[in-house]
Structures are given as structure tokens and as C-alpha cells.
Amino acid sequence: MPENLSSQLEEYLPPPVLALAKIAGKEGSELGQELYLVGGVVRDLFLGRANFDLDLVVEGDAIKLAQELAKNSRAKLTVHTRFGTAKLNYPGFSLDLATARSETYSKPGALPTVKPGSLKDDLIRRDFSINAMALCLTPHRFGALIDLYHGKDDLDNRLIRILHPNSFIDDATRILRAMRYEQRLGFKLEAETEKLLRRDVAMFDTISGDRIRHELELILKEAEPERVLRRAEELGVLSQLHPSLKGNGWLSQKFEQARQSYKQTSLPPLYLCLLIYNLTDKEDEEFILRLNFPKNSAQAMRYTLQLKAQLNSLANSKLKPSDIYKSLHSYTTPAIQTNALASESPIASQHLQLYIAKLRYVKTLLSGEDLKRMKIPAGPQIGEILSALHKARLNGEVRTRKEEKVLVYSWLKGNQVKPPAG
Ligand code: ATP
């Protein structure tokens, strides 16, 4: 008799999600299709970790079932006919439905050839035993656990185990996934899995930059990505992404500091810039090319190193706020934040922090329109006056509109205030 987890499922899922899972199971049964909850949510149910991204596998036709479910609800339906998948978006949560499939790999790292299959086929194509469990949602077997690869035992023993010896050869992104789950959950790689992982690290050569980057981005969204990067260095994985990358104590310390200083959503780009901080420009370019980073990330990484090369000029305690502003205003925020964390000069760090916390927000009170109303003719002069005003404001020399107006008139008379130096 398979273990039955219906009561755990009832406790774990929020009532509206549970109700929907039951309706989906019943609807599937009416269409003659068995329906299963699979993957991360089953793992997290056992671990007591919240995860309500429901992945459902249908032995039959996922799209047809999704269409039936959409009929009597407010859900928004998205269908991918090519992949036999559908997504239903309900207010506050979503259901992913996939037709059970089998996969075969024509060569290492190739995208798999996919055919409709059974639940068993669908489970063996998965990455690790703990992600290859399913719970039946069909009414007569509601809550029955299907655990063909002893995922529950591996959860109890806190182990990450691949399902067959060629798993990392078929898809080397699983190497990054293995370390991510191991470190997130505080598990260990099962001994044979670790041996095969070490054997197959060179398989990254078979994987596209986009796929590697996607997994690296997932790592950088973890609560403590430095743990994964440290482990990646230890297992010889990080050097496969670029030989000069290091997941060492320096990186761990800087990631922790980043978490103390900045909000969660701004962390992943910062982590990325810290990761490349000790590369040369040439190495950085090689890494950008290999992982095919999009323009924004590539720019943040390049600016980080350009600013690093300029830090000496910021390590001068005599700089005025306007000098700091002038040095930094053309850099992107992650590049400045990264250097504030990573600079070895406390003075440069302070200047970078001052820019982030305050100087970048400083604006003049008078606008170009105000200057026109003061009878200053449209033309380059307006820009010059505004930048002189901005400089004076940064340095705390003017505080009110009135003081700004006084500065404008004195600038015009060409008396005390010289035209801005740039
Ligand atoms: P989390 O989002 O918490 O990291 P998840 O298990 O939901 O975990 P997804 O990346 O959303 O992870 O993948 C869903 C499921 O698809 C996984 O549980 C796993 O069974 C399977 N899967 C994902 N990527 C792979 C892969 N490269 N090889 C094999 N199976 C995979």
C-alpha cells in the first residue's frame, strides 16, 4: 500500500489552493485522466517549507484539463501547445499543468526529445530523488504518494541523489542545481552523486551560456548564495564557469555585508558584481561572453570594474560633495553599491555611500522654466546656470529658492560666482 498523505496535504495547502487541487483531480477523473502534484511542492510539504507553486502532471492531456478548469473560473489560461503545458493564473496563486512525458537526450547537453509518457517516465527525467515524488490528486487515490526513487528516504537522510549515473552528462545544469538544493536545505550530496558530479564537471562545455546563466541567477536569488559558491569552488565547478572566479571567505563576507546594507530585491545584481570584482577586465569580458549576459547585467559588471580602477581618486578626504557627484553620476547603482562594499579604502567607501544615500537625490529647487520666467533667454546659459545651482546645492551653499535666485543673479552679473567648472 502506498503511503497516503491526504491529511498532510489538507493541512499544508491554503484552503483555496486545496479546493482547486481537489476540483482539478475530480475534473481529470471525469476526463479519464490521472492527475498528480509533483516536484518541489511535494518535497517542501515534507520539509514543512511554504511553496504554493503547484506543478501538476496529467497522464493524458494537460491542455484539455486546463481548458475544462478555466471554463467555470476566473482563472487566466495560457497554453503552450508545442510543449503540452498550460498555466492557470488565479488571484494570488497559479497552477502549472504538464502532460506526463518521457525525455531522451541525443547527445550530452542537447535539449531533450520529448514524447507523451506515463507518470513513471515523467519522474525519471527529473533531477534528484527529492524532486521526483508525486502525490495523486484523483479522488479515489487522493494523497497517495508515488516515490519510485526513494525521495522520502533521501529527505529523511538529508541527501541529494541523482536518479541515474548519466544524469549530469545528460544535463550539466543539474550540477548547479544539486549544489543549490544541498546548501539551501543543509543537505549533503550522496556519495556516489558527489563522485559523478566531480567526474562530470567538464560537461559544462556542452551547455549553452543562457542555461548556465539561468541557474547562476537562481543561485543568486537564494537566501545565502555564498554557501553555494563556496561549495562550487570546492567541487571544481566555479572554475568551469571561469577559471579566475573564487567562492572564498572574502566573497562570503561581502555577501553578508550586502544583505545588512541593502534590501532583498537589489541583492542579486550586487552579488553578481561582487562575484566578478576580482577579475581583470579581460576575464570579465570572457565571463560575460560565456554566460551571454544581457546588456543590463553586462553593463553593471563592466562599470563595477571601471569604477574600481578609479577608486584612488575617491580616497581623498578633501573631496567636496560636488566632486563626488561628478565622479559617480554616470555609473549604475549596482556598480557604486558594489564598490562601496568592496573598496579597501574607508574614505572611498564613505564617499560612495554618501552618493548612494544622499547625493544622487539632490535636485535644484529652481527649474529651467523658473529661469525662463526670470527672463534668462533659452539656450546653453540655462544649462550652465542649472549645473552651477546643482553644484552649490550639493555643497550646501544654497538651501532655499530665494538663495538659489540670489545665486542666479550673481552668476549673471559675473561677480562672486564663476561659471561652473564642469
Ligand atoms: P525551487 O523553485 O524551490 O528551486 P522546484 O523544485 O519548484 O524548486 P523548478 O526549477 O521550478 O524547481 O523545477 C520544477 C521541477 O522540475 C523540479 O522539482 C524538478 O523535478 C524538475 N526539474 C527542473 N529542472 C530540471 C533539470 N534540469 N533536470 C531535471 N529535472 C528538472
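As the structure is a computational prediction, the values presented were derived from the model and not from experiment. Order of appearance sets the numbers: ligands from 1, and atoms from 1 within every ligand. All values below were derived from every heavy atom in this structure, side-chain atoms included, with hydrogens, water molecules and symmetry-related copies excluded. Count residues from 1 along the sequence.
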Contact residues of ligand 1 (heavy atom under 4.0 Å), by chain and number
G39, G40, R43, D55, R125, R126, D127, N131, D171, T173, R174, R177, R180, Y181, R184
Between side-chain atoms of residues 262-279 and protein atoms elsewhere (two or more places apart, or another chain), which donor-acceptor pairs fall under 3.5 Å?
| unit_1 | atom_1 | unit_2 | atom_2 | d |
| --- | --- | --- | --- | --- |
| S266 | OG | K263 | O | 2.9 |
| Y271 | OH | R259 | NH1 | 3.1 |
| Y277 | OH | N339 | OD1 | 2.7 |

Pick from N395, V362, I385, V398: which one makes a side chain to side chain contact (heavy atoms under 4.5 Å, CB included) with H390?
V362
Between Y331 and Q310, do the side chains contain a donor N or O and an acceptor N or O under 3.5 Å apart?
yes
Test ring pair (Phe, Tyr, Trp, His ring centres under 6.0 Å) applied to Y36 - qualifying residues, sequence neighbours left out:
none
Does any part of the side chain of E103, heavy atoms only, come nearer than 4.5 Å to the side chain of R126, both counted from C-beta?
no
Side-chain donor-acceptor distances from residues 213-223 under 3.5 Å, at least two apart:
| unit_1 | atom_1 | unit_2 | atom_2 | d |
| --- | --- | --- | --- | --- |
| R213 | NE | E217 | OE2 | 3.2 |
| R213 | NH1 | D210 | OD1 | 2.8 |
| R213 | NH1 | L291 | O | 3.0 |
| R213 | NH1 | N292 | O | 2.6 |
| E215 | OE2 | R177 | NH1 | 3.3 |
| E222 | OE1 | R184 | NE | 3.1 |
| E222 | OE2 | R184 | NE | 3.3 |
| E222 | OE2 | R184 | NH2 | 3.0 |

